[in-house]
Amino acid sequence: MINVPRGTQDLLPGETEKWQYVEEKFKALCHTYNYHEIRTPIFEHTELFQRGVGDTTDIVQKEMYTFTDRGERSLTLRPEGTASVVRSFVQHKLFGHPTQPTKLFYIGPMFRYERPQQGRMRQFVQFGVEALGSADPAIDAEVIGLAMNLYRSLGLKSLKLVINSLGDVESRNNHRHALVEHFKPHIHEFCSDCQIRLEKNPLRILDCKKDKDHPAMQTAPSILDYLNDESQAYFAQVKSYLDHMGIDYVVDKNLVRGLDYYNHTAFEIMSDADGFGAITTLSGGGRYNGLVEDLGGPETPGIGFALSVERLLMALDAEKIDLPIDQALDGYVVAMGDNAVKKAVEIVYNLRQAGIQVDKDYQGKKFKAQFKAADRLKAKFVIVLGEDELAKQVVSVKDMTTGDQQEIPIASIATEMKQLIQGGKA
RNA sequence: GCGGUCGUGGCGAAGUGGUUAACGCACCGGAUUGUGGUUCCGGCAUACGUGGGUUCGAUUCCCACCGGUCGCCCCA
């Protein structure tokens with residue numbers, strides 16, 4: 001027997017309905033925020049992620065699904081969405097379109113080669129949005145608000161929004177310098193990862209779980225102290241907009257994002273819910289001024305976020321929220337006797353043409369078993385067709401909720417069924 | 001990549017170094033010759049992850065591998 005590859009999953013009926021529901025919710029929300037869908041390939045030139053996501057990141061160093069195709073090209077299954085969207089933005093010169101900023105959303109699978117655990121798969125699905133072409137702090141707040149809005153509209157309560165500012169290039173460089181100076185004298189007391197980080201990306205030392213109790217950690221220079229006036233003002237405005245929008249947040253000066261392209265605003269939304277797994281981050285995002293340029297476009301600011309659908313559904317589960325998914329079938333045709341069974345095929349066909357959702361037996365089941373099947377499928381109405389009915393050219397329609405039964409002529413079955421179904425809903 | 005834990009029918013779950021490997025759910029049929037959700041009776045199922053080893057004999061003991069799961073690192 002061949003199973004799915006490690007870290008991937010089949011979504012079966014019963015589960016797919018939930019996915020469809022949250023996808024529709026997300027699309028509708030993007031519509032109200034005036035974001036438009038973009039669909040990019042699932043694989044890209046490896047170089048895109050090396051340059052876009054950053055050579056020093058874990059994603060690029062050890063998590064990419066990279067392969068060589070028959071033309072000797074190095075390609076990579078996308079590990080995240082932003083690089084592709086920005087590539088597309090540049091390639092198609094969307095920066096030249098009259099309406100700016102360019103507001104895009106995407107839905108699709110991402111791939112990272114990691115050891116799977118709860119909330120972490122090798123193939124996972126992200127919803128994401130990107131707003132390109134505006135350096136207005138209000139759009140940072142808009143993007144954060146959209147994310148919070150989605151979670152809240154689905155009923156999630158145990159949410160924590162964490163934000164930070166990574167500052168502009170100048171601020172980051174000053175901070176980086178200060179970090180190296182600060183940790184250098186103690187670095188031999190830190191874990192091996194941190195010793196490497198000191199050279200490559202000292203900001204990430206702040207993120208280390210192993211060394212979090214080291215005294216030098218507590219006294220480490222905060223990025224917030226190194227923000228220049230402009231960066232400070234920007235961060236203050238983002239927070240102010242969030243305040244006005246009534247969105248609660250906590251500032252975590254150690255929030256560092258795993259991708260190199262972030263600057264200024266960085267944020268994560270986490271779940272507080274009991275019984276949630278070790279991984280609590282539901283979504284993350286931030287500003288990436290400079291990325292468009294890095295990928296060959298004109299100087300263009302950008303901000304976006306991505307959320308994991310798997311984790312979203314986990315969060316709903318943890319908070320015991322049932323999505324309003326209608327599983328009931330409108331009607332089920334139960335037939336008995338050779339002639340009636342044949343006639344049932346015709347009736348089902350006609351009802352479906354009229355847009356009524358019906359089904360029938362295809363297992364050669366006995367009358368009683370057909371009723372059982374109707375019950376299991378949660379049919380609202382059972383349409384009974386036997387020799388008696390056939391002789392009178394009618395069907396007996398039973399309302400499965402009330403138990404009431406009435407005869408209706410086969411000639412007008414579609415219109416009468418429609419009325420019954422609508423009446424049943426009211 | 002590292003560590004814990006687990007691997008028995010479609011699902012859940014007992015169990016044993018030795019004749020036919022429990023049970024529950026689900027499914028099918030009957031009681032009820034044309035009316036579901038309850039009950040009772042009966043029936044059904046290619047099941048011990050894979051490969052080695054120990055043994056007269058392994059589903060059981062040992063080893064390796066594979067897979068699931070949870071955690072570490074890191075992230076969505």
Side-chain angles (χ1 to χ4, degrees), chain A residues 1-9 12 53 56-63 78-82 107-128 147 191-194 196-197 201 204 207-211 255-259 267-271 276-286 304-315 332-337 340-341 363-390 395-405:
Chain A
M1 183 176 56
I2 298 173
N3 295 321
V4 291
R6 178 164 232 193
T8 67
Q9 62 182 337
L12 305 177
V53 177
T56 68
T57 60
D58 281 1
I59 289 178
V60 170
Q61 285 197 329
K62 54 182 200 188
E63 295 174 4
R78 61 183 182 194
E80 58 100 50
T82 302
I107 296 176
M110 306 295 164
F111 305 84
R112 293 184 200 171
Y113 189 92
E114 296 185 274
R115 192 77 175 266
Q117 70 184 72
Q118 189 177 38
R120 191 176 64 195
M121 300 291 282
R122 288 183 175 181
Q123 175 176 335
F124 57 100
V125 177
Q126 287 188 336
F127 293 166
C191 72
S192 55
D193 283 340
C194 282
I196 298 166
R197 286 173 182 139
N201 196 345
R204 301 205 61 78
D207 230 9
C208 184
K209 305 281 192 300
K210 283 183 196 155
D211 296 318
L255 175 69
V256 175
R257 304 278 306 142
L259 288 67
F267 70 96
E268 281 187 15
I269 299 170
M270 312 205 254
S271 174
F276 213 74
I279 293 169
T280 56
T281 301
L282 298 179
S283 57
F305 86 93
L307 71 87
S308 148
V309 181
E310 287 83 356
R311 292 182 189 178
L312 167 60
L313 293 172
M314 273 172 61
Y332 193 90
V333 176
V334 168
M336 175 173 209
V341 165
Q363 304 292 318
K365 284 186 182 169
K366 301 275 167 55
F367 185 84
K368 188 186 174 76
Q370 291 184 45
F371 246 94
K372 245 186 162 172
D375 191 54
R376 211 170 295 121
L377 291 168
K378 299 186 169 72
K380 293 170 191 140
F381 295 92
V382 167
I383 297 155
V384 179
L385 182 65
E387 301 298 343
D388 298 348
E389 284 87 355
L390 205 53
V395 291
S396 301
V397 177
K398 179 170 184 176
D399 183 323
M400 294 293 273
T401 316
T402 63
D404 295 343
Q405 190 161 315

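Naming: A, B, ... by sequence-line order, numbering from 1 per chain.
- In this structure, of B:A76, B:C73, B:C28, it is B:A76 that holds the atom nearest to the side chain of A:Ser283.
- Nucleotides B:U8 and B:C48, compared at atom P, are 10 Å apart to the nearest Å.
- Between A:Ala306 and A:Val4, it is A:Val4 whose nearest contact on RNA chain B lies nearer the 5' terminus.
- With a cut-off of 3.5 Å on both Watson-Crick or G-U wobble distances, the partner of B:U55 is given as none.
- On the P atoms, B:G49 is 8 Å away from B:G9, given to the nearest whole Å.
- Checking B:G12 for Watson-Crick or G-U wobble geometry (two distances, each under 3.5 Å) identifies B:C23 as its partner.
- Checked by distance alone, A:Arg115 brings no side-chain donor or acceptor within 3.5 Å of a matching partner on the base of B:C70.
- Looking only at side-chain heavy atoms (C-beta outward), A:Leu307 and A:Leu282 stay at 4.5 Å or farther from each other.
- With distances taken from any side-chain atom of A:Lys372 to the nucleotides B:G37, B:U35, B:C75, the minimum falls on B:G37.
- Scanning for side chain to side chain contact (heavy atoms under 4.5 Å, CB included) contacts around A:Lys365 gives A:Asp361, A:Gln363, A:Ala369, A:Gln370, A:Ala373, with sequence neighbours left out.
- Between A:Ser308 and A:Gly403, the residue anchored nearer the 5' end of RNA chain B, judged by the nucleotide with its closest heavy atom, is A:Gly403.
- Rounded to an integer number of Å, the gap from CZ of A:Arg78 to C1' of B:A76 is 13 Å.
- Put simply, the side chain of A:Lys368 does not reach to within 4.5 Å of the side chain of A:Lys372, judged on heavy atoms.
- Nearest nucleotide to the A:Arg376 side chain, out of B:C27, B:C74, B:U35: B:C27.
- For the P atoms, the distance linking B:C2 with B:A76 amounts to 24 Å, nearest Å.
- With hydrogens and angles left out, the side chain of A:Gln117 and the base of B:U69 share no donor-acceptor pair within 3.5 Å.
- Spacing of C1' atoms, B:U16 relative to B:G1, comes out at 39 Å, to the nearest Å.
- A:Met110 comes within 4.0 angstrom of nothing in the nucleic acid, heavy atoms only.
- The pairing partner recorded for B:C72 is B:G1, the criterion being a Watson-Crick or G-U wobble arrangement whose two distances lie under 3.5 angstrom.
- Among the protein residues, A:Leu312 comes within range of no part of the nucleic acid, since none of its heavy atoms lies under 4.0 Å from any strand.
- Comparing the P positions of B:G17 and B:U32 gives a spacing of 48 Å, expressed to the nearest Å.
- Looking at heavy-atom distances under 4.0 Å, A:Glu389 makes contact with a base.
- Across all strands shown, B:A64 forms a Watson-Crick or G-U wobble pair, both distances under 3.5 Å, with B:U50.
- Rounded to whole Å, the P atom of B:A58 lies 28 Å from the corresponding atom of B:A13.
- Considering only side-chain atoms of A:Phe371, the nucleotide from B:G71, B:C75, B:U35 that sits closest is B:U35.
- Taking the side chain as every heavy atom from C-beta outward, A:Met400 and A:Asp375 approach each other to under 4.5 Å.
- Ranking B:G34, B:C74, B:G36 by closeness to the A:Glu114 side chain, first place goes to B:C74.
- Taking the C1' atom of each, B:A45 and B:C25 are spaced 14 Å apart, rounded to whole Å.
- Looking at heavy atoms from C-beta onward, A:Met336 lies out of side-chain contact with A:Lys366 at the 4.5 angstrom threshold.
- Not one N or O on the side chain of A:Gln123 forms a donor-acceptor pair closer than 3.5 Å with the backbone of A:Gln9.
- Here the nucleotide nearest the side chain of A:Lys368, chosen from B:G34, B:A76, B:U32, is B:U32.
- Of the candidates B:G68, B:A76, B:G34, B:G68 carries the atom nearest the A:Arg6 side chain, counting heavy atoms from C-beta on.
- Counting heavy atoms from C-beta on, the side chains of A:Lys62 and A:Tyr113 never come closer than 4.5 Å.
- Between the P atoms of B:C72 and B:A47, the separation comes to 39 Å (whole Å).
- Below the 3.5 angstrom threshold, one finds no donor paired with an acceptor across the side chain of A:Glu63 and the base of B:G1.
- Base pairing annotation: B:G42 forms a Watson-Crick or G-U wobble pair with B:C28, both donor-acceptor distances under 3.5 Å.
- Contact of A:Arg120 with B:C74 (side chain to base): a donor-acceptor pair of N or O atoms is detected under 3.5 Å.
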